Amino acid sequence: MPQPAFQYLSLERLGNVFVITLQKPPENRLNSSTCQEIIRAFHFIQRELGAGSEGAAITRGQGEKFFCTGLELDETDRNPFANSDGFYPMLHTIMDFPFPTIALINGHVFGGGVPFCLSHDYRVMNGERGYLSMPPVDLGLHFDGIGSLPRLKLQPQIARKMLLEAHRWTGKEALKDGVVDAITTPDTMLQVALDLANMWAPKARMGVYGVLRAELWGDAAKKFQRISYVHSRRTSRPALVKI
């Protein structure tokens, strides 16, 4: 099957591991078009690997400065349903993906980039550069299910630091608090993520990886699915402060 053409990302296959590289300068901010491309990339990977196969997917940003600094908040001024058509279904797609996923946090990750990372099974972070922070409490922003991934994947005190205190983690702090699974140097980041992907890729072979993931974190996936492609009502509170 020919690989789809992408504008905001590139896709590379290394054995049974696919690497998605976000390419939307300067900060890889997400809009509905970017999110739909990511959805298409995950669907293509799933079809290419096929049922009953081993495999995994890595998502990373280009370079060493930015992974993703969140959503293009101005887009909802033009289209109030932008996140319902892009961001929410993207999160659901990743959480429903039947193979292991790794977020390779190569640089700064802010705002909506944090649930983007948390939607992956594993997180590898640049230990020398970059901060991780989710500041909706400082922006006046809310959407249904915004706290579901921190609540389900992190310790309660850490989830509170993330959602209610807008804490800014370094790589070392994020590792200590269990927000990420590994930190590494910029020159070894990809290899560490590939080693992790190849370690767990065989776990998809029996066809129950995604089902078992849903047993752990399915409540979050259901929340994102519930607000995906909804145009009959507003599913979020727009930010009062935009950065």
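Starting from 1, each residue takes its place in the sequence as its number. As the structure is a computational prediction, the values presented were derived from the model and not from experiment.
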Quiz prompt | Residues N83, T235; criterion side chain to side chain contact (heavy atoms under 4.5 Å, CB included); working and verdict | solution = CA-CA 9 Å; N83 293 335; T235 57; 5.9 Å; no
Quiz prompt | Cation-pi geometry met for R13 and F18 (6.0 Å, 45°) | solution = no
Quiz item: Do the non-hydrogen side-chain atoms of N28 and T69 ever get within less than 4.5 Å of each other?
Solution: no
Quiz item: Step by step, would you call E165 with R160 a salt bridge (Lys or Arg N to Asp or Glu O under 4.0 Å)?
Solution: CA-CA 7 Å; E165 301 172 12; R160 181 181 64 201; 3.7 Å; yes
Quiz item: Any side-chain heavy-atom pair from W169 and M125 closer than 4.5 angstrom?
Solution: no
Practice problem: Could you tell me whether the side chains of Y209 and D121 share a donor-acceptor contact shorter than 3.5 Å? | Solution: yes
Quiz item: Between atom OG1 of T185 and atom CZ of R129, what is the distance when rounded to the nearest 0.5 Å?
Solution: 14.5 Å
Quiz item: Do the side chains of W200 and L14 join up, straight or via other hydrophobic residues, at under 4.5 Å, putting them in one cluster?
Solution: yes
Quiz item: Heavy atoms, side chains only, cut-off 4.5 Å: are R226 and D144 in contact?
Solution: no
Quiz item: Between F67 and F116, is the ring centre distance below 6.0 Å?
Solution: yes
Quiz item: Taking atom types as modelled and ignoring hydrogens, do the side chains of N79 and E75 form a donor-acceptor contact shorter than 3.5 angstrom?
Solution: no
Self-check item: Within one Ile-Leu-Val-Met-Phe-Trp-Tyr cluster: V180 and L216, side-chain cutoff 4.5 Å
Solution: yes
Quiz prompt | Side chain proximity check, F87 to L30, heavy atoms < 4.5 angstrom | solution = yes
Quiz item: Should I20 and I94 be regarded as members of a common hydrophobic cluster, given that ILVMFWY residues are connected when their side-chain heavy atoms come within less than 4.5 Å of each other, either directly or indirectly?
Solution: yes
Practice problem: Please say whether more than 12 non-hydrogen atoms of neighbouring residues, nucleotides or ligands are located less than 6.0 Å from OH in Y131. | Solution: no
Quiz item: Any side-chain heavy atom of F44 within less than 4.5 Å of one from L11?
Solution: yes
Quiz item: For the ring pair Y88 and F224, is the centre-to-centre distance below 6.0 Å?
Solution: no
Practice problem: Might you confirm whether atom CD of Q155 has over 12 heavy atoms from other residues, nucleotides or ligands at distances under 6.0 Å? | Solution: no
Quiz item: Is it true that the side chains of D177 and H167 contain a donor and an acceptor less than 3.5 Å apart?
Solution: no
Practice problem: Measure the shortest side-chain to side-chain distance between R123 and I102 over non-hydrogen atoms and say whether it is less than 4.5 angstrom. | Solution: no
Quiz item: Between E72 and R29, does at least one N-O distance fall below 4.0 Å, as a salt bridge requires?
Solution: no
Quiz item: When rounded to the nearest 0.5 angstrom, what distance separates CE in M95 from CZ in F42?
Solution: 12.0 Å
Quiz prompt | Side chains of H120 and T59, donor plus acceptor under 3.5 Å | solution = yes
Quiz item: Is there side-chain contact between I146 and P115, with at least one heavy-atom pair below 4.5 Å?
Solution: no
Quiz item: Honestly curious: do W217 and V114 fall in one hydrophobic cluster under the side-chain, below-4.5 Å linking rule?
Solution: yes
Practice problem: Check the side chains of T34 and N31 for a donor-acceptor pair under 3.5 angstrom, ignoring hydrogens and angles. | Solution: yes
Practice problem: Can you measure from NZ (K223) to CG (L149) and round to the nearest 0.5 angstrom? | Solution: 11.0 Å
Exercise. Using the six-membered ring of Y8, assess whether NZ or CZ of K24 lies under 6.0 Å from its centre and within 45 degrees of the ring axis.
Key: yes
Quiz item: Does the side chain of V124 come within less than 4.5 Å of I105's, by heavy atoms?
Solution: no
Quiz prompt | Between OG on residue S84 and OH on residue Y229, distance to nearest 0.5 Å | solution = 8.5 Å
Quiz item: According to a 4.5 Å side-chain heavy-atom criterion applied to Ile, Leu, Val, Met, Phe, Trp and Tyr, with indirect links allowed, do L118 and I183 form part of one hydrophobic cluster?
Solution: yes
